[in-house]
Structure formats: structure tokens, C-alpha cells
Amino acid sequence: ERFERNPLLANMYSEVAFEFNHRGSHLDGALEYAIQALALMDEAAGLPSPKVSAEQWAQGIDAFRGQILNTIGQIQYQRGAYDEAATALSDAVSLLPDEGPVLYHLGRVVLAQGLEDRGTDARLRAVSARKPEQQARDPLERIYEERYGVEAAARLGADLAETSRALGAAQIERVLANRMNVPAPELTISALDGCLVSTSAFRGKVVVLDFWATWCPPCRQEMPGLAQVWSR
């Protein structure tokens with residue numbers, strides 16, 4: 001069947017693939033639709049962004065590509081093509097690192113490949129993700145019971161806490177990476193004495209812009225620390 005080369009159809013192809021995957025039927029056709037949806041999104045990435053910033057457009061494209069790759073991974077898993085499924089789902093995780101369901105599906109695949117440690121790690125991350133997948137909890141508890149017996153609950157709790165800390169640190173790094181070395185916009189504001197102050201007057205100097213509000217308790221709590229930094 002010939003697919004139309006219209007990026008706007010990517011969502012329709014993706015939905016058809018997802019539904020066939022959910023039903024566990026017509027998997028070969030579902031895979032074709034999902035691959036075509038992914039190709040169309042790759043084409044859309046090169047188009048001008050409609051009504052949003054280029055950054056928002058790129059983020060939206062990546063998020064949609066991640067969902068399509070997740071569907072491809074699930075289809076390949078049902079087809080028994082575990083290597084292809086693992087590749088698709090690993091790519092999906094790189095685009096959607098906070099999505100517990102994607103990590104859960106990756107865990108199923110790598111466990112099917114016999115990679116028990118990697119599968120357990122994926123399920124730990126699935127439960128600890130910012131958007132957790134609770135389906136991963138029961139099989140994870142069974143794995144720990146088989147491994148550690150009476151110590152299973154304590155070991156699982158400790159590993160989940162460590163995984164949560166690591167995921168939190170990784171999320172902070174991603175946020176900072178997207179914000180560092182980005183030029184700030186030019187601003188002109190009224191100072192407390194009524195005079196206008198422009199950021200361009202401070203070019204070449206260190207400038208701290210702190211956005212806060214009197215009704216924000218953390219904002220008020222940080223003020224003494226900010227004052228100490230300024231005094232030094």
C-alpha cells in the first residue's frame with residue numbers, strides 16, 4: 001500500500017498502529033504504519049514551526065517521535081523481534097526519559113532477551129520516574145523476593161530511593177543543559193527610585209535576575225542567602 005507523504009497524517013498512522021498493537025492483531029501492518037508515522041515526523045522536523053518557538057516545536061516533535069518509537073517497540077516485542085524492540089524502546093527512552101510506561105516496556109523486552117540486571121534496572125526507573133508506571137511494581141517485587149527473600153522489601157526500598165535520586169539529578173542536568181549559554185532578552189525596568197534601568201547597561205558584567213513574589217514562601221526564604229552572596 002502506498003502511504004501519502006503528508007506529515008499531518010503522522011498522528012493518524014500512529015493511532016492506527018497503536019490500536020492494532022493494543023489488540024495484538026495485524027502486527028505487520030501496524031509496524032508499517034508506525035514506521036511511516038516516524039518518517040513523516042522526521043520530515044516535519046524540517047518544516048517551519050507553526051505559532052510556537054523553534055525550541056517548542058523541536059520538543060514537540062521529539063516527544064511525538066518518542067511515542068511512536070514506544071509503539072514500534074511494543075509491536076516488535078509482540079512479533080518476537082526482541083533486538084529490534086530493544087533498539088526502538090532505548091531510542092524512545094532517550095527522548096522520553098521521564099515516562100515510566102516506556103521504561104516498563106523496555107524492561108519487558110530486555111528481560112525477554114535474558115538481560116535480567118538491565119531489565120530490573122529499567123523497572124526500577126519505571127516505578128521511580130516522574131510519570132511512574134505502577135504495573136512495574138508487582139513483577140519488581142517478585143524479582144526481589146526471589147533474589148533476597150526476607151530482605152526483599154528493605155533492598156527494594158533502598159534501590160528505589162537511590163534510583164529516584166539518580167533520576168532527579170539527571171532531570172536537573174537536562175534542565176540546566178537546555179538553559180545554559182542562552183542569551184537573555186533585553187529588559188528595561190523601573191528601579192525602586194523610579195529611574196529606568198536597562199540590562200544592556202550591564203553588558204560584560206555578572207547580572208543576577210531573580211523572579212519572585214511576596215506571596216511565595218520559598219522566594220522569601222532564599223532572600224537572606226542571595227543577600228549573603230551579594231555581600232561577598
Side-chain angles (χ1 to χ4, degrees), residues 6-11 14 37-70 90-103 124-134 158 160-232:
N6 183 348
L8 296 178
L9 296 176
N11 185 64
S14 177
L38 191 63
L40 291 175
M41 292 312 298
D42 289 341
E43 290 182 7
L47 299 177
S49 56
K51 299 182 181 180
V52 295
S53 69
E55 180 183 6
Q56 290 173 314
W57 178 242
Q59 289 174 347
I61 293 290
D62 282 348
F64 195 10
R65 290 184 73 251
Q67 294 294 347
I68 298 171
L69 285 164
N70 180 39
S90 294
D91 291 343
V93 168
S94 69
L95 294 171
L96 302 170
D98 298 319
E99 295 283 345
V102 182
L103 287 159
L124 285 168
R125 289 188 291 154
V127 174
S128 305
R130 187 164 61 88
K131 298 178 181 178
E133 175 53 78
Q134 294 305 324
L160 284 172
E162 178 58 31
T163 302
S164 181
R165 283 192 294 269
L167 290 178
Q171 184 180 12
I172 291 172
E173 287 183 8
R174 289 195 301 272
V175 171
L176 291 178
N178 290 330
R179 296 294 180 263
M180 298 296 286
N181 301 318
V182 177
E186 293 291 339
L187 298 174
T188 300
I189 60 176
S190 296
L192 293 176
D193 60 6
C195 296
L196 293 179
V197 177
S198 176
T199 53
S200 60
F202 299 98
R203 189 174 302 278
K205 299 181 180 180
V206 175
V207 177
V208 176
L209 297 178
D210 184 29
F211 297 87
W212 65 288
T214 55
W215 44 260
C216 168
C219 299
R220 297 197 301 269
Q221 291 169 7
E222 77 173 353
M223 282 301 167
L226 191 60
Q228 291 175 10
V229 172
W230 175 80
S231 66
R232 291 200 302 269

What heavy-atom pair brings [X] and [Y] nearest, and what distance separates the two atoms?
X      : Y      : value
Gly100 : Ala126 : O-CB, 3.4 Å
Ile61  : Ala45  : CG2-CB, 4.0 Å
Ser94  : Asp91  : OG-O, 2.6 Å
Gly66  : Ala92  : O-CB, 3.5 Å
Ser14  : Ile68  : OG-CG1, 3.8 Å

[X] side, atom [atom1]; [Y] side, atom [atom2] - distance, nearest 0.5 Å:
X      : Y      : atom1 : atom2 : value
Glu99  : Leu103 : CD    : CG    : 9.0 Å
Glu43  : Leu38  : CD    : CG    : 11.0 Å
Arg165 : Leu160 : CZ    : CG    : 11.0 Å

Are any non-hydrogen side-chain atoms of Arg130 and Leu167 less than 4.5 angstrom apart? no
Mind checking whether Glu133 and Val102 have side chains closer than 4.5 Å, heavy atoms only? no
Picking from Lys131, Arg125, Arg174, what satisfies side-chain hydrogen bond (donor to acceptor under 3.5 Å, both in side chains) with Asp98? Arg174
Just by distance, do the side chain of Ser128 and the backbone of Leu124 share a donor-acceptor pair under 3.5 Å? yes
Donor-acceptor contacts under 3.5 Å from residues 201-228 side chains, at least two apart:
residue	atom	partner	partner atom	Å
Arg203	NH2	Glu186	OE2	2.6
Arg220	NH1	Thr214	O	2.3

Walk me through whether Ser198 and Leu187 qualify under side chain to side chain contact (heavy atoms under 4.5 Å, CB included). CA-CA 6 Å; Ser198 176; Leu187 298 174; over 6 Å; no
